[in-house]
Amino acid sequence: MLDSPETPLKALIRNRRPGHSLDAPFYVSPEIFAADMELIFGRHWIYVGVEPDVPEPGDAMTVDIGRYSVIVVRDDDMGIQAFHNVCRHRGARILHDEKTTVGNIVCRYHAWTYDLSGALIHAEHMGADFDRTCHGLKRVHVRSLQGLIFLCLAEEPPEDFDEMAREMGPYIAPHDIANTKIAFESDIIEQGNWKLAMENNRECYHCAGNHPELTVPLFAYGFGFAPDEMDEQDRAQAERYACLVRDSHADWEGSGLPSREIERLDSRITGFRTERLPLDGAGEAHTLDTKRASRKLLGQFTRANHGALSFWTQPNSWHHFMSDHIVTFCVMPVDAGTTRVRTKWLVHKDAVEGVDYDLANLTEVWSATNAQDSALVGYAQQGARSPAYEPGRYSPHTEFLVEKFCRWYVGRMAAHLGR
Amino acid sequence: MLDSPETPLKALIRNRRPGHSLDAPFYVSPEIFAADMELIFGRHWIYVGVEPDVPEPGDAMTVDIGRYSVIVVRDDDMGIQAFHNVCRHRGARILHDEKTTVGNIVCRYHAWTYDLSGALIHAEHMGADFDRTCHGLKRVHVRSLQGLIFLCLAEEPPEDFDEMAREMGPYIAPHDIANTKIAFESDIIEQGNWKLAMENNRECYHCAGNHPELTVPLFAYGFGFAPDEMDEQDRAQAERYACLVRDSHADWEGSGLPSREIERLDSRITGFRTERLPLDGAGEAHTLDTKRASRKLLGQFTRANHGALSFWTQPNSWHHFMSDHIVTFCVMPVDAGTTRVRTKWLVHKDAVEGVDYDLANLTEVWSATNAQDSALVGYAQQGARSPAYEPGRYSPHTEFLVEKFCRWYVGRMAAHLGR
Amino acid sequence: MLDSPETPLKALIRNRRPGHSLDAPFYVSPEIFAADMELIFGRHWIYVGVEPDVPEPGDAMTVDIGRYSVIVVRDDDMGIQAFHNVCRHRGARILHDEKTTVGNIVCRYHAWTYDLSGALIHAEHMGADFDRTCHGLKRVHVRSLQGLIFLCLAEEPPEDFDEMAREMGPYIAPHDIANTKIAFESDIIEQGNWKLAMENNRECYHCAGNHPELTVPLFAYGFGFAPDEMDEQDRAQAERYACLVRDSHADWEGSGLPSREIERLDSRITGFRTERLPLDGAGEAHTLDTKRASRKLLGQFTRANHGALSFWTQPNSWHHFMSDHIVTFCVMPVDAGTTRVRTKWLVHKDAVEGVDYDLANLTEVWSATNAQDSALVGYAQQGARSPAYEPGRYSPHTEFLVEKFCRWYVGRMAAHLGR
């Protein structure tokens with residue numbers, strides 16, 4: 001078009017080479033980072049935490065998404081509300097702690113006071129003509145998917161969240177998040193772009209060489225492989241693994257536990273994927289002895305060897321549900337070269353630390369794995385900074401989900417940038 | 001105009017909504033910060049310190065205003081001189097300490113030497129055709145208002161400084177800064193834009209909820225209030241306070257101590273305001289027992305219960321003068337989101353610490369208040385970073401001086417940007 | 001030209017005032033820093049270290065030049081190879097330590113493996129159609145000048161390196177770098193632009209006032225001086241020094257040790273200068289007692305009083321060769337206001353610390369000098385940040401080599417920017 005010249009970002013989006021890592025500016029440019037925050041994190045459903053973060057009325061957490069700060073609060077009717085964490089008087093940030101419990105939401109600056117529905121109920125000295133009803137906290141869209149909390153900062157959030165919730169509900173419901181508690185929570189600041197943190201999550205090609213702990217419960221043949229590089233023995237083992245998956249799915253589905261893959265990573269706005277897979281050894285959990293970490297099983301589970309249900313969402317989360325505990329990951333961009341990965345380990349709310357579970361045993365596999373991944377993401381970022389970097393080819397056998405992440409990202413950017 | 005398209009800054013200035021906090025870019029944008037430094041701090045009279053900072057010939061202090069560094073030095077005739085702290089040879093910074101005493105002003109790099117009038121008196125190896133008289137230090141305009149030192153970086157400084165000096169002279173002179181010393185000095189780096197630090201200073205709406213120490217000597221009714229929100233009792237107390245002010249003013253003026261309000265905050269280039277007000281309790285000083293902090297009274301004072309004379313200047317200072325001590329504040333922008341607040345406590349030059357005054361008692365109220373204000377300014381800055389921030393309404397009863405600060409700022413920017 | 005409007009950088013280059021320090025943006029602007037990295041450090045031969053950094057096959061060092069990272073490795077045939085430190089798979093940085101020893105070059109992320117010639121010899125799961133021969137490490141041009149390693153990041157490096165090597169070979173060869181080892185190595189991060197670090201190196205006008213240690217072995221009359229400022233006594237001493245230089249050159253040249261000045265600082269792309277000069281006192285080395293620091297002399301030297309051979313290169317190095325040890329300096333820009341100066345002290349490879357040399361004695365003069373220079377470079381940077389800075393005049397008698405550095409820099413920028 002004569003009157004809409006193509007921007008550098010649009011050109012990069014249009015010229016993205018399928019099957020290859022992204023051009024360097026997607027990882028290092030502050031301008032593209034700003035576009036990511038506006039178009040991806042500003043207009044999609046972003047996973048931010050779990051209902052056990054705010055179990056009781058008045059429990060609140062603050063969630064920072066780029067320059068936004070959001071208050072997520074449990075109201076008196078046990079609903080979840082979300083508001084911009086900005087006072088309507090002179091704009092001060094209202095809540096400061098990551099977690100707190102409040103009666104009302106009170107700005108410390110001039111004591112403007114909002115109730116848990118966001119209504120302004122007190123503001124002194126403003127004069128007779130001041131209308132409090134026009135000065136309530138601004139709302140943010142919030143949804144809970146069986147206890148997983150998602151926010152959307154856009155005025156009109158993507159409508160397909162409900163469809164995802166409908167499909168995913170039966171998978172997640174048996175793990176009964178409502179009756180869990182957060183046993184442990186960790187933040188890692190990775191020295192890499194958020195997309196590198198996501199790409200790293202979307203493949204296990206790097207697992208064999210980097211994750212000695214995670215590869216104990218995980219089957220190597222679940223990571224993908226190039227069939228033409230296999231010898232007879234490899235082939236036999238891969239076949240045995242395929243049979244195990246087939247049998248387990250039949251068993252789980254038969255007993256009412258949905259397990260088969262749903263793959264919507266790049267075919268919808270709110271992209272996701274799920275699958276329940278068997279684990280190695282005792283087959284119970286992501287632990288070094290492959291057994292459950294907590295004696296109190298979740299929901300109605302009576303035995304623990306159900307493998308792990310995994311749930312991946314675009315743009316920023318992944319989750320592993322086991323019979324005894326859940327590990328949930330939230331990726332939050334900080335700047336073009338820095339990303340926060342927040343991990344929460346959930347156990348039954350009645351499980352007692354030291355009695356029902358040992359914290360070190362519960363967290364050992366993913367604490368180690370996170371640290372290893374953080375180093376790898378840092379190496380990838382360092383390399384992308386070099387002008388000698390060029391997009392490299394993804395393995396079609398082990399990195400196809402990385403490709404799906406990139407395809408979703410590029411597609412969503414293109415949709416919002418227009419042509 | 002066809003040939004002068006409106007810049008984003010001009011549009012923001014033109015569209016500023018009266019009675020409301022500024023648009024977010026005024027608090028967070030590096031571009032507007034740069035414009036502030038050029039148009040506000042580069043072209044107005046900036047308060048930087050007091051004559052007791054450089055009491056004797058050769059005493060010098062360095063003052064950084066944005067990217068500028070200035071040497072303020074007491075010359076041999078007891079005059080105050082100010083020069084750019086940049087060697088005329090290869091541009092090295094010359095003086096490095098905040099306070100020092102020098103014979104001549106010598107650049108350490110190649111030993112170029114300037115006398116206290118800024119003349120280059122020594123420069124080796126420059127050859128026969130080199131003219132030292134063309135290479136003196138560049139001057140900066142400097143003025144002392146009864147001992148308060150102001151600089152102006154512009155070539156032609158605002159002419160109305162003299163008018164302010166004439167009006168303010170009789171108010172400040174009785175406190176005899178020339179015969180004081182700096183008992184204590186503190187720097188706070190606030191995590192907020194300089195305008196938020198200034199706005200915070202221009203209202204006490206936030207005092208009741210945040211300043212337990214400052215509200216001991218200050219009367220709550222001096223902060224402003226909405227008359228329509230008061231009950232009978234409030235009204236009676238407010239009236240008693242108004243009478244006290246009226247009586248005190250009559251008393252002070254009668255005994256030759258000017259005290260009535262002069263309000264020129266947004267009606268002139270060098271905006272200022274002053275007023276002497278009674279204090280609560282013993283009525284002597286900003287201390288927790290409301291009594292004088294130093295036994296040696298300033299100037300010709302023979303009793304201490306003269307309340308406090310306050311003096312506010314645009315764009316960057318405020319001062320409280322009591323019979324026994326003075327507290328003076330200088331706000332200096334660091335970057336869009338960071339501001340230095342420098343506070344100095346002055347007592348009589350012959351007062352002896354531990355004998356005539358106790359340092360903790362002298363500084364307690366304002367040290368606590370500064371720390372509390374610093375937190376509030378940080379909250380305001382955090383809120384302004386959110387895209388959900390929108391300018392909010394100032395209380396017409398308690399924030400009218402904040403409005404006057406904004407109006408002055410917007411008016412000065414508009415004047416320098418042209419239409 | 002109507003269709004190629006002049007950029008601000010081009011205008012600054014064109015308007016540079018000869019004989020004066022550069023305009024402030026050359027020292028403080030991030031944009032000009034980026035241009036420096038592309039046009040100067042991206043297209044010229046950059047000194048990065050010495051062959052003793054990688055003495056044995058498999059020894060590798062990583063060298064960061066701006067956003068580039070380069071692997072310099074000794075191959076199995078004792079050659080020096082250089083590659084971009086970026087994996088051809090997904091671009092991760094491969095080697096992380098500054099010095100390491102490897103069998104092959106292995107990326108930790110997905111175990112892609114390259115041999116010491118850069119060829120990709122292993123990459124799993126990439127499928128049958130993947131061609132390893134197209135995915136070797138990208139080469140960087142590397143040359144050794146008698147053991148001094150230079151890199152060039154450009155595809156077509158300046159051709160005049162060979163000419164410099166031919167001219168400099170006979171000067172440096174007697175010091176036999178191949179048979180030295182690195183006794184000590186220091187990094188200083190200077191708070192100034194890389195050009196200020198270079199300018200500081202190119203004059204000794206500042207030495208008398210700032211380098212009490214360095215001026216012990218160096219003759220003051222070697223620094224340059226204004227003849228018209230000298231008295232009878234000065235003139236007599238200067239003449240004696242000139243005779244000493246003349247006699248020493250005759251002596252050295254007679255015994256096959258090239259010593260006369262070659263000056264190509266601003267007359268070629270790969271600018272350089274060399275000269276051997278006598279030292280004061282015992283005349284042996286840059287030590288506080290002016291005697292050799294190491295008992296084991298280099299190469300075929302049988303006595304130590306050969307003064308010091310100095311070698312300066314544009315844009316980023318200088319070196320002092322003595323009979324017993326070598327001190328070599330590499331300047332590497334970090335950002336517009338930050339520069340790393342890396343210094344290495346080389347002694348005979350068989351010299352034993354504590355027996356043949358004392359480390360403190362070896363490093364004392366230049367450790368002190370580096371620290372002093374670092375402060376001066378910082379002062380120059382601070383001054384250049386002030387809007388009051390203006391380019392000042394270089395001394396024609398003591399700063400003519402600074403002028404040659406600036407002339408080379410401005411000329412190279414102009415050549416690459418085009419007109």
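Residue numbers begin at 1 in each chain, while the letters A, B, ... track the order of the sequences.
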Worksheet item: With a cut-off of 6.0 Å (strictly less than), are more than 12 heavy atoms of other residues, nucleotides or ligands near CZ of C:R17?
Response: no
Worksheet item: At a heavy-atom separation under 4.5 Å, does B:A128 approach chain C through its side chain, its backbone, both, or neither?
Response: both
Worksheet item: When heavy-atom pairs shorter than 4.5 Å are enumerated against chain C, which of B:I94, B:L153, B:D129, B:D64 gives the highest number?
Response: B:D129
Practice prompt. Let me know if B:H89 has heavy atoms under 4.5 Å from chain C in its side chain, its backbone, both or neither.
Written response: both
Worksheet entry | Residue C:R67 excluded, over 12 heavy atoms near CZ under 6.0 Å | no
Worksheet entry | Residue C:Q381 versus chain B: region with a heavy atom under 4.5 Å | neither
Practice prompt. Find the one option among C:P387, C:S386, C:G209, C:A226 whose heavy-atom pairs under 4.5 Å with chain B are most numerous.
Written response: C:P387
Item to complete: Measure centre to centre between the rings of B:W194 and B:F33, then say whether the value is under 6.0 Å.
Response: no
Worksheet item: Considering only heavy atoms, which portion of C:Y27 lies under 4.5 Å from any heavy atom of chain B: side chain, backbone, both, or neither?
Response: neither
Practice prompt. Select, from C:Q372, C:E399, C:H397, C:R393, the one with the greatest count of heavy-atom pairs under 4.5 Å involving chain B.
Written response: C:R393
Item to complete: Could you tell me which of B:H125, B:R88, B:R93 has the largest number of non-hydrogen atom pairs under 4.5 Å with chain C?
Response: B:H125
Fill in: Side-chain heavy-atom pair B:R74, B:E51 within 4.5 angstrom cut-off
yes
Discussion item. Can you confirm whether or not the ring centre of C:H319 sits under 6.0 Å from the ring centre of C:W312?
Written reply: no
Item to complete: Count the heavy-atom pairs under 4.5 Å between each of C:A380, C:S395, C:A384 and chain B, then report the option with the highest count.
Response: C:S395
Worksheet, complete the sentence: If one checks every heavy atom of C:A388 against chain B at 4.5 Å, the contacting part turns out to be both
Fill in: B:H110 and C:Y205 aromatic ring geometry - parallel, tilted or perpendicular at 30°/60° bounds
tilted
Worksheet item: Where on C:E199 is there a heavy atom nearer than 4.5 Å to chain B: the side chain, the backbone, both, or neither?
Response: both
Worksheet item: B:N193 side chain to B:T338 main-chain N or O, any donor-acceptor pair under 3.5 Å?
Response: no
Item to complete: Kindly assign one of parallel, tilted or perpendicular to the pair C:Y221 and C:F225, based on the angle between their ring planes and the thresholds 30° and 60°.
Response: perpendicular
Response to the item:
Honestly, the part of B:H135 sitting under 4.5 Å from a heavy atom of chain C is neither
Worksheet entry | chain B contact via C:S21 - side chain, backbone, both or neither, heavy atoms under 4.5 Å | side chain
Discussion item. Between B:R108, B:K138, B:H96, B:H84, who has the most heavy-atom pairs with chain C when the cutoff is under 4.5 Å?
Written reply: B:H96
Practice prompt. Please find out if less than 6.0 Å separates the ring center of C:W366 from that of C:H211.
Written response: no
Discussion item. Please evaluate residues B:I71 and B:I105 with respect to the criterion side-chain contact (heavy atoms from CB on, under 4.5 Å), reporting the C-alpha separation (whole Å), side-chain torsions for both, the decisive distance (0.1 Å), and the verdict.
Written reply: CA-CA 10 Å; B:I71 296 170; B:I105 300 170; 4.0 Å; yes
Response to the item:
Ranked by heavy-atom pairs below 4.5 Å to chain B, first place among C:G392, C:G383, C:C207 goes to C:G383
